[in-house]
Amino acid sequence: MTRKIVKSKYHFEPDLIETIGEVSIEEIKPWGSNDELKIIGKPTSRIDGAVKVSGEAVYTSDVILPNMVYAKILRSPHPNAQIKNIDTSEAEQLEGVLYILTYKNAPEIGWYYNTSYLFDKQVRYQGDEVACVAAESEKIAEDALHLIKVEYENLPFVTDAVEALKDNSPKVHEWGNLPRGNPDKYKRGDVEKGLKEADLVIEDTFTTQVVVHNTTEPHCSVAKWEGSKLTVWDSTQAIFNVRDSIAASLQIPASSVRVIKKYMGGGFGSKLEAGKYSVIAALISRKIKRPVKIVLDRREENLAVGNRPNSIQTLKAGVKKDGTLTALSHHSIGSIGAYPDGAGCSWPLRTIYKCENVSTEEYSVFTNTGKSRAYRAPGHVQGTFGLESLIDIAAEKIGMDPLEFRLKNYTDKDQVYNIPYTSKKLKDAYEKGANAIGWHRRNKVPGSSNGILKRGIGMATQIWWGGGGPPAYATLKLNRDGSVNVMAGTQDLGTGTYTFIAQVASEVLQLPIEKISITIGDTETCPYCGASGGSTTAASVAPAVRDAAEQMKAKLISGAAAILETSEEKLIYAEGIISVKNDPSKKITIHEIISKMRERVLVTTGARSANPEGYMINTFGAQFAEVEVDTFTGKVRVIKIVAAHDIGRVLNPKTLENQFHGGIIQGLGYALMEERKVDSNTGKVLTANLYSYLIPTIMDTPEIEVIIVSEGDSMISSVGAKGVGEPAIIPTAAAIAHAVYNAIGVRIKSLPITPDKVLNALTLIKR
Amino acid sequence: MKNFEYLQPKSIAEAAGYLKAGNGTSIPYSGGTDALVMMKDNLISPKKVVNLKSIPGLNSIDYIRGEGLKIGALVTISDLAEHPVVKDKFKILSEAAESIASPQLRNVGTVGGNLCQRPRCAYFREDFDCLRKGGNACYAFDGENKLHCIIGGSLCYIVHPSDLATALLVLNTKISIASGEKINEIPIADFFVLPDEDFTRENILQSGEIVTSIFIPDLPEGTKSSYIKFRERAVWDFAVVSVGAVIQTSGSEIVSGRIAFGGVAPIPWTESVVNSKLINRTIDAHIADEIAESILSNADSLEMNGYKIPLAKNLTKRILTQLLM
């Protein structure tokens with residue numbers, strides 16, 4: 001098969017990335033519907049399921065190496081302070097303490113786009129790194145932290161994004177509280193003109209809270225040197241990012257760094273960036289010549305490794321009586337914490353509905369709080385709540401069914417780039433989702449049902465990218481016994497990557513899945529794949545695996561032709577046996593071919609094909625929620641969520657459902673209970689544990705019905721899969737919020753919809 | 001967490017001796033579901049941890065008809081919740097016990113420990129030099145006070161976190177406290193301490209004193225009871241507001257009744273003016289509304305917790321309707 005370096009584009013979260021990458025250009029015929037396939041699209045148990053449930057699977061946080069030591073990080077207790085001095089002498093005296101790293105002895109390594117250092121004298125949020133102690137045990141390291149004397153000069157601080165925008169606000173960085181000095185703006189058409197054409201102008205403000213990823217497995221790293229070579233076991237969504245970041249920080253060749261991530265207990269975006277802890281572990285390990293392990297605790301998880309920014313969104317819509325949207329505008333403010341990130345959330349408004357006149361203005365604002373990071377559909381989760389709430393209000397104001405209103409403003413093309421979608425089955429999602437929830441059962445007049453327990457139904461739309469793209473490679477090794485190793489430098493976040501790779505290889509080579517062994521998450525043995533984020537993993541990697549497997553099949557056919565002295569066209573491949581079409585007696589096995597070739601292992605490397613020019617690849621969907629609100633207590637109980645989505649081809653219905661369940665439960669937590677609270681008087685977090693930061697339990701979890709309305713999108717790749725991870729969470733909170741409105745007739749415009757807010761709102765309408 | 005000495009006394013007197021000798025640096029340890037968290041968060045750093053579970057005889061539930069129910073301080077929450085007599089006769093108590101935390105925590109948490117647990121106020125638990133920890137300010141007063149008290153607060157605005165305490169208050173429970181050689185039995189209402197008496201403690205226990213058991217007088221025939229705990233999460237959460245009620249009826253008459261509230265005050269809260277309305281009262285259609293309207297008349301909410309007043313009233317309506325209608 002031939003390959004070529006070409007230009008291609010893909011979306012990684014909101015970023016349109018133009019790549020020049022090596023792709024497979026040999027046309028592989030896209031698969032037809034899943035009915036024609038044997039393994040793909042069939043419920044397949046995780047190939048790593050048994051080792052996980054038995055406890056045999058070694059996660060990063062489980063790694064124990066001979067002679068290993070433990071390190072703990074001292075973090076700033078203050079939201080904004082200058083370190084005047086650090087005295088580590090007493091801590092160094094503690095028996096078992098091996099090394100202490102502070103700004104005094106650490107190399108000057110730039111961090112957060114060089115707005116800070118690995119260890120900075122200026123700390124800008126409660127949780128900022130101050131020192132790190134390595135010791136013989138985790139306990140000793142922690143005891144030593146209490147013996148370090150830090151002299152801080154406290155400085156004025158700001159925790160609120162709106163306050164931080166004011167001229168007289170304390171500055172998180174001396175150059176200001178906006179990372180680029182200006183808001184991010186987008187405009188098409190003329191909003192003022194659009195508003196004039198409208199019969200009705202609707203304006204409203206919606207707010208969302210800061211939420212924390214709180215992954216099951218904490219952020220952690222184990223670093224070990226052998227001569228000049230460094231191996232790092234890291235709980236990461238992006239092994240190559242971590243490798244390059246460590247190599248650059250330590251000023252050593254990337255080839256000297258090997259990053260391994262075998263299993264992971266969740267990332268949700270918080271593990272896309274290389275962590276300070278990884279570099280710190282590597283630095284200390286080099287110094288003391290012993291392996292170093294750093295595992296963050298739950299408190300650190302809640303303070304220092306990311307969150308979804310809050311949002312204050314003011315939206316405006318111009319609407320005609322027939323439902324036509326004439327203008328949409330969006331103004332948002334969000335806190336990104338102390339270091340550069342983005343809090344924009346206007347993409348759903350720019351893209352979901354047909355509208356010629358659109359403007360957005362996004363303020364991503366520094367505050368003296370923990371830095372935000374990508375969190376499962378960054379921006380879209382907040383933005384969908386704002387936009388879809390406004391759309392719901394608009395539909396009601398003109399007396400139109402909310403679903404009909406959405407259909408009225410349906411678009412078949414991407415309006416930002418003015419190009420068509422490769423596929424869009426949103427109409428089917430609306431229809432099937434509405435049927436499944438019983439859309440007709442909703443209250444025609446919101447809040448009109450009698451009784452103390454009031455039920456309601458609501459829905460919201462989802463858009464996201466998730467088409468994936470190059471570069472992504474997979475190397476396939478076929479052994480004489482017909483067993484297969486596949487290597488790809490991607491990572492499994494717990495989402496099922498191992499399993500779909502095995503399924504693809506199994507499907508193409510028609511070999512049992514038990515004979516296929518997968519190695520991923522290793523920068524040294526695997527060819528490059530991108531970070532596992534943006535819902536791109538399956539969409540990018542599966543076609544590369546298919547390419548490698550198709551090449552292997554071609555290689556076997558070619559080998560068989562040479563051995564059987566016939567032409568390749570006359571041969572057919574079935575379950576590892578190649579036979580002559582009209583003479584089934586003439587056949588040859590994999591074992592025979594590889595033996596004759598005097599090889600033990602046949603190797604191919606496949607690549608992801610380029611994305612089609614002139615098309616936009618998006619995922620779409622709609623979620624429908626039925627809730628019951630206890631008007632005595634304000635408590636919202638979600639009865640059922642229907643998730644109807646277009647995500648291209650389903651590779652594995654089992655892991656797909658898992659992904660939807662996870663996303664929807666996380667979305668429910670966002671809608672109803674999760675919130676990082678900061679005390680504005682002191683700048684300190686009040687919820688840095690799992691008893692005050694509430695995450696839904698199984699008792700809070702409703703019935704979830706997942707409906708997939710799409711099949712393989714043959715324009716994207718030979719596999720035709722789009723991503724699932726982020727679409728799952730995007731519309732959940734908005735759908736629940738609208739169902740609450742439908743139940744009680746009063747709209748809660750601020751997430752999370754906690755009982756106090758509902759009760760206060762109900763008390764107000766009673767008066 | 002600092003290193004500590006772990007002691008395994010065989011008698012109450014031995015345990016009390018260790019605790020007294022520690023002079024505030026030793027702590028009693030029963031289930032550990034709170035003590036361990038406090039230690040790990042460095043809120044307390046005891047030199048000695050005195051394990052009460054090594055003392056025999058403190059973990060039984062004994063019922064004598066006509067007299068009452070004696071519950072050892074080391075009875076686990078799950079054993080209490082599942083005890084057949086408790087389920088049958090003291091429903092309020094089994095419901096309160098069942099509503100606590102999660103199955104894992106109930107399996108190790110004990111009755112005595114539950115009554116003596118420390119508050120969950122974030123300012124107390126987190127890195128704040130608050131009044132209750134010997135500091136000089138209550139940070140909740142003008143801070144995040146959605147979950148704080150609406151009555152009984154002054155200087156400090158915690159709510160008492162124990163569900164059992166609220167249920168036991170309704171049941172006129174007596175608490176046995178080993179103090180030196182003696183065992184004193186006091187009404188549970190006298191056990192808890194409001195901040196205006198002493199804002200550094202939640203109960204009257206002095207160093208060296210140990211809760212050994214509780215005694216609940218038997219309930220007369222015709223008595224019904226219930227506990228409703230309202231929380232933001234379906235399970236594994238503290239009460240936002242809870243209400244417990246015991247009502248004895250005869251035909252269409254209430255003979256007597258008591259109601260108490262959790263999550264509203266720094267101690268489990270009951271009001272005699274309300275309870276007196278439940279003596280010799282005919283059950284009619286308005287009773288639930290009328291009683292509910294009469295509760296917490298002196299409540300004075302903070303900026304974010306005003307909703308607790310209608311919430312407590314609604315829960316009162318609900319529990320009375322459930323018990324009477």
Side-chain angles (χ1 to χ4, degrees), chain A residues 75-78 126 138-140 142-143 145-146 297-299 302-303 452 630-638 669 672-675 677-682 684-702 752-763 766, chain B residues 1-3 33-34 37 40-42 45 101-103 105 120-130 137 139-147 161 228-238 240-243 292 301 304-319 321:
Chain A
R75 296 178 180 277
S76 167
H78 305 297
Q126 181 205 16
E138 204 166 8
K139 169 89 174 67
I140 296 170
E142 204 190 303
D143 286 349
L145 294 185
H146 297 287
D297 64 23
R298 188 53 61 187
R299 187 178 164 75
N302 277 277
L303 292 179
I452 291 156
D630 184 341
T631 57
F632 260 26
T633 63
K635 171 88 179 156
V636 176
R637 185 166 73 93
V638 183
L672 301 179
M673 58 186 82
E674 295 189 34
E675 181 169 13
K677 286 201 168 159
V678 175
D679 179 64
S680 58
N681 296 321
T682 58
K684 294 183 183 188
V685 175
L686 297 171
T687 49
N689 56 67
L690 289 181
Y691 62 80
S692 57
Y693 184 92
L694 301 182
I695 291 172
T697 68
I698 195 68
M699 298 295 284
D700 300 280
T701 302
I753 304 174
T754 46
D756 54 311
K757 290 181 190 168
V758 175
L759 218 45
N760 286 337
L762 287 170
T763 312
K766 246 192 248 165
Chain B
M1 193 197 292
K2 298 260 165 55
N3 286 342
T33 58
D34 191 17
V37 175
K40 283 182 174 175
D41 290 347
N42 296 300
S45 298
S102 65
L105 291 165
R120 288 283 160 176
C121 168
Y123 297 97
F124 175 73
R125 295 276 166 170
E126 289 288 335
D127 179 23
F128 294 87
D129 190 21
C130 89
Y139 292 81
F141 184 71
D142 60 353
E144 291 288 331
N145 50 35
K146 188 180 101 171
L147 298 173
I228 299 178
K229 174 177 179 175
F230 179 69
R231 49 198 152 176
E232 288 196 2
R233 178 160 64 186
V235 290
W236 186 30
D237 200 2
F238 291 90
V240 174
V241 171
S242 66
V243 54
S301 57
M304 300 172 186
N305 65 4
Y307 72 99
K308 282 193 176 186
I309 298 172
L311 177 58
K313 289 183 176 177
N314 287 340
L315 292 177
T316 303
K317 273 183 221 171
R318 179 164 287 167
I319 202 163
T321 309

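Only this structure's heavy atoms are used, side chains among them; waters, hydrogens and symmetry mates stay out. Proteins get letters first, then strands, A, B, ... in listed order; numbering begins at 1 in each.
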Which atoms of [X] are under 4.5 Å from chain B, going by heavy atoms: the side chain, the backbone, both sets, or neither?
| X | value |
| --- | --- |
| A:L759 | side chain |
| A:D700 | both |
| A:L672 | neither |
| A:V685 | backbone |
| A:T682 | side chain |
| A:D143 | side chain |
| A:R299 | side chain |
| A:K139 | side chain |

Reported [atom1]-to-[atom2] distance for the pair [X] and [Y], which is rounded to 0.5 angstrom:
| X | Y | atom1 | atom2 | value |
| --- | --- | --- | --- | --- |
| B:R125 | A:S692 | CZ | OG | 10.0 Å |
| B:L311 | A:K635 | CG | NZ | 12.0 Å |
| A:R298 | B:K40 | CZ | NZ | 12.5 Å |
| A:L690 | B:W236 | CG | CH2 | 5.0 Å |
| B:K2 | A:H146 | NZ | NE2 | 6.0 Å |

Which atom of [X] lies closest to which atom of [Y], heavy atoms considered:
| X | Y | value |
| --- | --- | --- |
| A:N681 | B:G143 | ND2-CA, 4.2 Å |
| A:T763 | B:P310 | OG1-CG, 4.4 Å |
| B:R233 | A:I695 | NH1-O, 2.7 Å |
| A:Y691 | B:D237 | O-OD1, 4.4 Å |
| A:M673 | B:E232 | CE-O, 4.2 Å |
| A:E142 | B:N42 | OE2-ND2, 4.2 Å |

Sort out for me which of A:S680, A:P755, A:G669 touches chain B most, counting heavy-atom pairs under 4.5 Å. A:P755
With only heavy atoms counted, which part of B:D142 is less than 4.5 Å from chain A, the side chain, the backbone, both or neither? both
Chain A heavy atoms under 4.5 Å from B:E126: which part of the residue, side chain, backbone, both or neither? side chain
Does the B:N314 side chain pair with the main chain of A:T633, one donor and one acceptor, at a distance under 3.5 Å? no
Between A:K684 and B:Y123, is there a donor-acceptor pair closer than 3.5 Å when you use the side chain of the first and the backbone of the second? no
So, A:D630 and B:R318, do they make that salt bridge, N to O below 4.0 Å? yes
